[in-house]
Asker: 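Input: one structure, supplied below.
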Amino acid sequence: MSRDNELKVKAISEMSTELTVPGDKSVSHRAAIIAGLSNGPCRIRNYLPSEDCLNTLRAMESLGVKCDYIETNDYGPVELIIYGRRMQLREAGEPIDCGNSGTGMRLLAGVLAGQRFPSTLTGDESLSTRPMGRIIKPLERMGAHIVTKGEKEGCAPLEFDGSMLEPIRYVMPVASAQVKSAVLLAGLFAKGKTSVVQPAETRDHTERMLAKFRVRTVQEGNEITIYGGQQPEAVDIDVPGDISSAAFWIVAAAALPHSKLLVQNVGLNPTRTALLNVLLRMGARIKDVILTPDGDGEPAGNLEVQGSNLRGTEIRKEEVPNLIDEIPVLAVAGALAQGQMVIRNASELRVKESDRITAVVENLRAMGADVTEYDDGLHVVGGNKLRGATLDCFGDHRIGMAFAIAGLFAEGETVITNTECIATSYPGFADTLNKIRNKKR
Ligand code: S3P
């Protein structure tokens with residue numbers, strides 16, 4: 001029996017299952033924020049009731065946004081109506097806690113920078129050490145007043161003074177959807193044309209969500225422009241399943257010969273599917289069927305995966321931003337594959353919920369994998385049989401889940417400790433794991 005805060009995993013011989021994953025984390029954050037700014041009631045279906053997205057919802061409620069929870073599961077609301085406040089938020093009066101969520105904090109910072117009232121954003125221990133200079137710099141150029149109160153320079157808590165914003169054109173030094181989104185959301189409150197230039201393509205959920213709410217943005221190459229002063233028009237949103245959560249089961253099925261997996265209703269936004277391209281290069285057998293076509297929302301559909309023997313590959317520089325959350329589990333796939341898996345140009349992994357390069361290297365080594373750490377990535381020589389081990393999550397949901405998947409292939413038992421963090425993105429992960437590990441090798 002696993003304790004509540006640990007997962008015990010043993011090898012399985014095959015995986016034959018159909019499943020759905022909870023709602024997309026990135027889309028849920030944006031739905032809560034933009035619906036709260038809209039001009040009326042918005043019904044959100046399949047909202048992700050994870051700690052990160054619940055914190056964003058609570059943040060909007062503390063800013064005066066009324067929400068009716070229509071359907072709630074064991075973890076929180078999955079269907080709700082958010083009553084938009086016509087861009088007129090109310091002072092929260094107390095610090096707003098973003099928990100573990102970089103996305104929540106950075107997107108809310110974009111909104112709060114342009115309000116006429118003061119606000120404070122706080123986070124947990126991990127979030128309080130993550131770099132906020134990347135959003136503070138462009139927001140200050142727009143005229144925001146932000147003071148960082150963290151023990152580490154440039155880190156949360158963040159204090160905002162009420163400010164009037166001016167539009168800017170900002171060339172982002174890092175390819176980050178969170179930074180792009182913070183500037184675009186601040187741009188909604190600035191009169192005129194605010195543009196962001198990204199050095200590489202990043203996930204485009206903010207642009208798609210704004211379009212759904214009839215807010216015009218224009219994309220020319222890697223430059224995205226928003227015209228300030230537009231009122232988002234209330235609309236209903238269906239959140240697709242999160243492909244970053246599905247990634248764990250996709251890798252497990254793809255690497256286990258004779259397996260068959262069907263994932264239904266998962267988001268297939270092309271800025272999120274780089275994982276599938278990399279797995280296909282590794283020899284995986286994956287078929288995607290888009291059922292809700294692209295339009296002014298998010299494409300979604302089903303994924304069918306059949307198990308095979310994978311081979312290593314090199315992840316390309318331009319793939320990294322759209323793969324950033326899947327790299328821990330892809331590194332596990334690399335350890336299971338024949339040949340070499342090379343991941344470089346990924347130093348952003350060091351400033352995620354944990355230092356994901358060190359966390360992956362330490363855990364893979366503890367399982368007997370042959371792995372080399374670089375400043376900006378890692379190199380795995382696949383094919384060594386993995387051994388069960390006791391592994392920590394490093395406070396990072398994706399590390400915990402990636403190594404639970406590794407445990408499905410290891411000799412002996414793998415124990416993942418301190419798994420509470422998994423609830424930040426994937427409540428119910430342990431139940432699905434239990435469902436699929438029904439057969440022993
Ligand atoms: C996210 C963007 C990504 C990703 C995070 C969610 C978003 O971060 O790692 O989990 O919703 O915008 P960056 O694009 O900032 O690297």
Side-chain angles (χ1 to χ4, degrees), residues 21-34 47-48 50-53 55-56 98-111 123 126-127 130-138 170 172-186 196 198-210 222 224 239-240 242-248 267 269 271-275 298 317-330 345-357 359-360 376 395-402 421-422 424-426:
V21 287
D24 188 275
K25 178 161 78 72
S26 293
V27 176
S28 296
H29 281 297
R30 286 153 174 88
I33 294 172
I34 302 174
Y47 190 80
L48 172 63
S50 76
E51 294 300 331
D52 279 7
C53 296
N55 278 323
T56 292
C98 301
N100 189 245
S101 177
T103 307
M105 181 170 280
R106 295 191 176 112
L107 268 56
L108 287 166
V111 171
S126 149
L127 185 53
R130 293 179 63 188
M132 291 298 144
R134 55 180 60 192
I135 49 152
I136 293 173
K137 202 167 159 210
Y170 186 62
M172 295 197 304
V174 277
S176 160
Q178 296 177 0
V179 175
K180 171 178 68 176
S181 304
V183 177
L184 291 176
L185 289 170
V196 194
Q198 43 182 3
E201 183 186 62
T202 64
R203 61 188 70 191
D204 64 358
H205 302 297
T206 302
E207 299 91 305
R208 284 174 188 265
M209 184 71 69
L210 286 168
N222 262 342
I224 301 110
V239 180
D242 195 325
I243 190 164
S244 299
S245 298
F248 301 104
N269 177 324
T271 63
R272 293 284 298 282
T273 50
L275 163 84
E298 294 284 345
K317 185 176 178 187
E318 66 279 8
E319 287 175 325
V320 170
N322 287 338
L323 199 63
I324 198 79
D325 292 340
E326 287 73 69
I327 289 180
V329 76
L330 264 178
N345 303 294
S347 41
E348 271 297 296
L349 287 174
R350 294 207 183 269
V351 291
K352 291 290 177 189
E353 287 84 329
S354 69
D355 176 341
R356 287 185 175 160
I357 296 179
V360 166
D376 66 343
D396 185 334
H397 53 133
R398 300 212 194 272
I399 299 298
M401 291 186 278
C421 56
I422 290 175
T424 61
S425 71
Y426 196 160

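Just so you know, ligand 1 is whichever comes first in the structure, and atom 1 is the first atom listed for that ligand.
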Asker: Do any N/O atoms on Arg106 end up under 3.5 angstrom from N/O atoms on ligand 1?
Answerer: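 It does not: no N or O of Arg106 is found under 3.5 Å from an N or O of ligand 1.
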Asker: Evaluate Arg134 for polar contact with ligand 1, using N/O atom pairs at a separation under 3.5 Å.
Answerer: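 In this structure, Arg134 places no N or O atom under 3.5 Å from an N or O of ligand 1.
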Asker: May I ask you to identify the nearest protein heavy atom to atom 8 (O) of ligand 1, giving residue, atom name and distance to one decimal place in Å?
Answerer: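 The closest heavy atom on the protein side is Lys352 NZ, 3.0 Å.
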Asker: Considering non-hydrogen atoms of the protein only, which is the closest contact for atom 12 (O) of ligand 1, and what is the distance?
Answerer: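 For atom 12 (O) of ligand 1, the nearest protein heavy atom comes out as Arg30 NH2, 2.6 Å.
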Asker: Is there a side-chain contact between Thr103 and Asp52, using heavy atoms and a 4.5 Å cut-off?
Answerer: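 No. Closest side-chain heavy atoms not under 4.5 Å.
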Asker: Distance-only, no hydrogens or angles: does the Ser50 side chain make a donor-acceptor pair with backbone N or O of Thr424 under 3.5 Å?
Answerer: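 Indeed, once roles are kept as given, a pair shorter than 3.5 Å links the two residues.
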Asker: Atoms of ligand 1 less than 4.0 Å from Lys25 heavy atoms?
Answerer: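 Every atom of ligand 1 under 4.0 Å from some heavy atom of Lys25: 10 (O).
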Asker: Of all the atoms in ligand 1, which lie at a distance below 4.0 Å from a heavy atom belonging to Ile324?
Answerer: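 Near Ile324, meaning under 4.0 Å from one of its heavy atoms, ligand 1 has 9 (O).
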Asker: So is His205 in contact with ligand 1, going by heavy-atom distances below 4.0 Å?
Answerer: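 No, His205 has no heavy atom closer than 4.0 Å to ligand 1.
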Asker: When you measure from the side chain of Thr271 to the backbone of Asp204, do you find a donor-acceptor pair of N or O atoms at a distance under 3.5 Å?
Answerer: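 Indeed, once roles are kept as given, a pair shorter than 3.5 Å links the two residues.
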Asker: Quick one: which of Ser26, Pro321, Ala177 has a heavy atom closest to atom 14 (O) of ligand 1?
Answerer: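 It is Ala177 whose heavy atom sits nearest to atom 14 (O) of ligand 1.
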Asker: Step by step, work out the salt bridge (charged side-chain N to carboxylate O under 4.0 Å, His left out) result for Glu348 and Arg134.
Answerer: CA-CA 12 Å; Glu348 271 297 296; Arg134 55 180 60 192; 2.8 Å; yes
Asker: Check this for me - ligand 1, Glu348, N or O atoms closer than 3.5 angstrom, yes or no?
Answerer: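 No: no nitrogen or oxygen of Glu348 is under 3.5 Å from one in ligand 1.
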Asker: Do the side chain of Asp396 and the main chain of Ser354 share a donor and acceptor less than 3.5 angstrom apart?
Answerer: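 Checked: pair present.
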Asker: Keeping Asp355 on the side-chain end and Arg350 on the backbone end, is there a donor-acceptor pair under 3.5 Å?
Answerer: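 The answer is no, because no donor-acceptor pair under 3.5 Å joins these two groups.
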Asker: Tell me if a side-chain donor or acceptor on Arg30 pairs with a main-chain N or O of Ser26 at a distance below 3.5 Å.
Answerer: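 At least one qualifying donor-acceptor pair exists.
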Asker: Looking only at protein heavy atoms, identify the closest one to atom 15 (O) of ligand 1 and say how far it is in Å.
Answerer: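 Here the closest protein heavy atom is Ser176 OG, 2.6 Å.
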Asker: Identify, for atom 10 (O) of ligand 1, the protein heavy atom at the shortest distance, and state residue, atom and that distance.
Answerer: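 Protein heavy atom at minimum distance: Asp325 OD2, 2.8 Å.
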Asker: Which residue and non-hydrogen atom of the protein lie closest to atom 6 (C) of ligand 1, and at what distance in Å?
Answerer: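 The answer is Thr103 OG1, 3.3 Å.
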Asker: Has Ser28 got a side-chain atom pairing as donor or acceptor with Cys53's backbone, closer than 3.5 angstrom?
Answerer: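 Side chain of Ser28 to backbone of Cys53: no pair is present.
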